[in-house]
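For ligands, and for the atoms within them, numbers begin at 1 and follow the listed sequence. For the numbers below, each heavy atom of this structure counts, side chains included, while hydrogens, waters and symmetry mates do not.
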Amino acid sequence: MSKLHEQKWEACLKVIKDNIPLQAFKTWFSPIVPVKLEDEILTIQVPSHFFYEWLEEHYIGLLKKVIKKELGANGRLEYSIIMEKNATNSTPYTVKLPTSGKSSLKNSPVTVPLSVNENQIRNPFVIPGLKKVNVDSNLNPSYSFENFVEGDCNRLARSAGYAVANKPGGTAFNPLLIYGGVGLGKTHLAHSIGIGIKNQFPNKTVLYVGSEKFAHQFIDSIKNGTTNDFIHFYQMMDVLIIDDVQFFSGKEKTQDVFFHIFNHLHQNGKQIILTSDKPPVEMQGMEQRLLSRFKWGLSADLQSPDLETRIAILEKKMYGNGIELPNEVVEYLAYSINTNIREMEGALTSLLAQASLNKKAITLDLAKQMIDKFVKNTAREVSIEYIQKVVCDYFDLAIEILKSKTRKREVVQARQIAMYFSKKMTKSSLANIGAHCGGKDHATVLHACRTVNNLSETDKQFKTYLTDLEKKLSMQ
Ligand code: ADP
Ligand code: MG
């Protein structure tokens, strides 16, 4: 015959089981052990503080009802939580945590033996109570700070990352959220920080994980009934890097579990580094409490790199691979692919592959053919910079002069032509085109387009310029 508290809890479980999905029941209720029943207070033992919070947050209504039903109107529930091992207290113990907060914590900690069967613990999760784990940090050594080219586009994010790498958990940048468009270096920078930390503090537990992997691990842990191990594992990190957190959008349970891990780490002075394709204000489907935490530290953006930075990135990549290319080819690559660094690197790699397969020297022509093929499917747009370069080459002008405010006739004409083609061949606004061409306003650009149109109808020589340039720009 089982004891009264066990019977009562058994009865509670029966009702609970009928009211929630089986999987949730297995995850959150099967591990609970009823401890005692005294003065209408049923004490249940839960495996962790997180577990307690989760129950309180998700099942408090149901728990209140069943307790009332089984124990009467005065019935109450208390949790007994197995604490993690820590430096000052190496023995796991339980404390009482009243749901209402009214009852006193008069019980002194009781020792509870932890029965852990190591064979049952699935990797990468760990034995509850363990403080330190050895994990593979999942860092890619080539994504180091040394290989990350600094430019205006990434200065803030890079310096913040550098500061974090030198003092993980010890700066105001916690969490550090790096955001920006596709292929702009978020993953690279996140790895750099991890590598920097590992180099300086080899004993720190650093983990890089993609948000998708994190979400899958969480789901698996629910299936396997190892959610606690999952949480313990992540709570043990000194530095947690989660890439592409926008993936958590709309995934409430994953956000929940991440919220608790986040809090635990943050409270304990551990460093959190996140990346996302958007700033927190624009993230949809994300819980408010998470968003507000994302804003606690620093959000730093990565912008599209300017031409000089793009060239420097290509040169660094070539240098790293022991490759040399004619300057005009490098410039051409950097001119034509101007938003996505990954794509630019891809074009470089294809170019090298093509050249070595066909045993051809890499010339500007080969580069043009290649890039044309490479970017055809990505709705490629000729850049304003590229148009300016082609126009300047054609009229034998320096690009700086075109961008200057000078009103010399031949410069004005070239500038107007560059504006005309920018309007025609790019999706840029008039204002943006003006800004690129000597800081003119949109009305000036509009005027330039009209002038070019008029002249092309009345001036034969001028018409030839346009036809020539159009050919060059469309690379025929
Ligand atoms: P994201 O995660 O933002 O989509 P990645 O970090 O994967 O972008 O970067 C795409 C590619 O561009 C990587 O190969 C990366 O090394 C390279 N890259 C991006 N920014 C830089 C930079 N500032 N210096 C050198 N390489 C860079
Ligand atoms: Mg990435």
- Would you say Gly183 contacts ligand 1, with heavy atoms under 4.0 Å as the rule? yes
- Go through ligand 1 atom by atom and flag the ones less than 4.0 Å from a non-hydrogen atom of Lys186. 1 (P), 2 (O), 3 (O), 4 (O), 6 (O), 8 (O)
- Message: Checking a contact table here: which protein heavy atom is nearest atom 25 (C) of ligand 1, and how many Å away?
- Response: Asn147 O, 3.2 Å
- Note on the structure: If we number the atoms of ligand 1 from 1 as shown, the ones under 4.0 Å from a heavy atom of Asn154 are 23 (N)
- Shortest protein contact, atom 24 (N) of ligand 1 (heavy atom only): Val149 N, 2.7 Å
- Is Gly181 in contact with ligand 1, taking contact as a heavy-atom separation below 4.0 Å? yes
- Task: Just need the protein heavy atom nearest to atom 2 (O) of ligand 1, so name the residue and atom and give the distance.
- Result: Thr187 OG1, 2.7 Å
- Search all heavy atoms of Ser350 against all heavy atoms of Met370 and return the closest pair with its distance. CB-CE, 3.2 Å
- Note on the structure: atom 8 (O) of ligand 1 sits nearest the protein heavy atom Gly185 N, 3.0 Å
- Task: Please work out which of the three classes, parallel, tilted or perpendicular, describes the rings of Tyr143 and His191, given edges at 30° and 60°.
- Result: perpendicular
- For atom NZ of Lys278, decide whether the heavy atoms of other residues, nucleotides or ligands shown that lie under 6.0 angstrom number more than 12. yes
- Message: If I apply the N/O under 3.5 Å rule, does Val182 come out as touching ligand 1?
- Response: no
- Inspect the surroundings of CG in Asp396 and state if more than 12 heavy atoms from other residues, nucleotides or ligands are less than 6.0 Å away. no
- Message: Less than 4.0 angstrom from a charged side-chain N to a carboxylate O is my criterion; do Glu385 and Arg310 meet it?
- Response: yes
- Message: Run the ring-ring contact (aromatic ring centres under 6.0 Å, His included) test on Tyr465 and Phe395 for me, step by step, so that the C-alpha distance in whole Å, both residues' side-chain angles and the decisive distance to 0.1 Å come before the verdict.
- Response: CA-CA 9 Å; Tyr465 294 160; Phe395 291 114; 5.1 Å; yes
- Message: Counting non-hydrogen protein atoms only, what is the nearest one to atom 15 (C) of ligand 1? Give residue, atom name and distance.
- Response: His188 ND1, 3.3 Å
- Got an N, O or S from Thr275 under 2.8 Å of the Mg ion (ligand 2)? no
- Nearest 0.5 Å please: distance from the CZ atom of Phe258 over to the CZ atom of Phe218. 13.0 Å
- Flag yes if more than 12 heavy atoms outside Lys213 fall under 6.0 Å of its NZ atom; otherwise flag no. no
- Is it true that Asp256 and Arg289 have a side-chain N and a carboxylate O under 4.0 angstrom from each other? yes
- Query: Who's closest to atom 13 (C) of ligand 1 heavy-atom-wise, of Lys316, Met344, Glu345, Arg342?
  - Reply: Glu345
- Among non-hydrogen protein atoms, atom 12 (O) of ligand 1 lies closest to Ile341 CG2, 3.2 Å
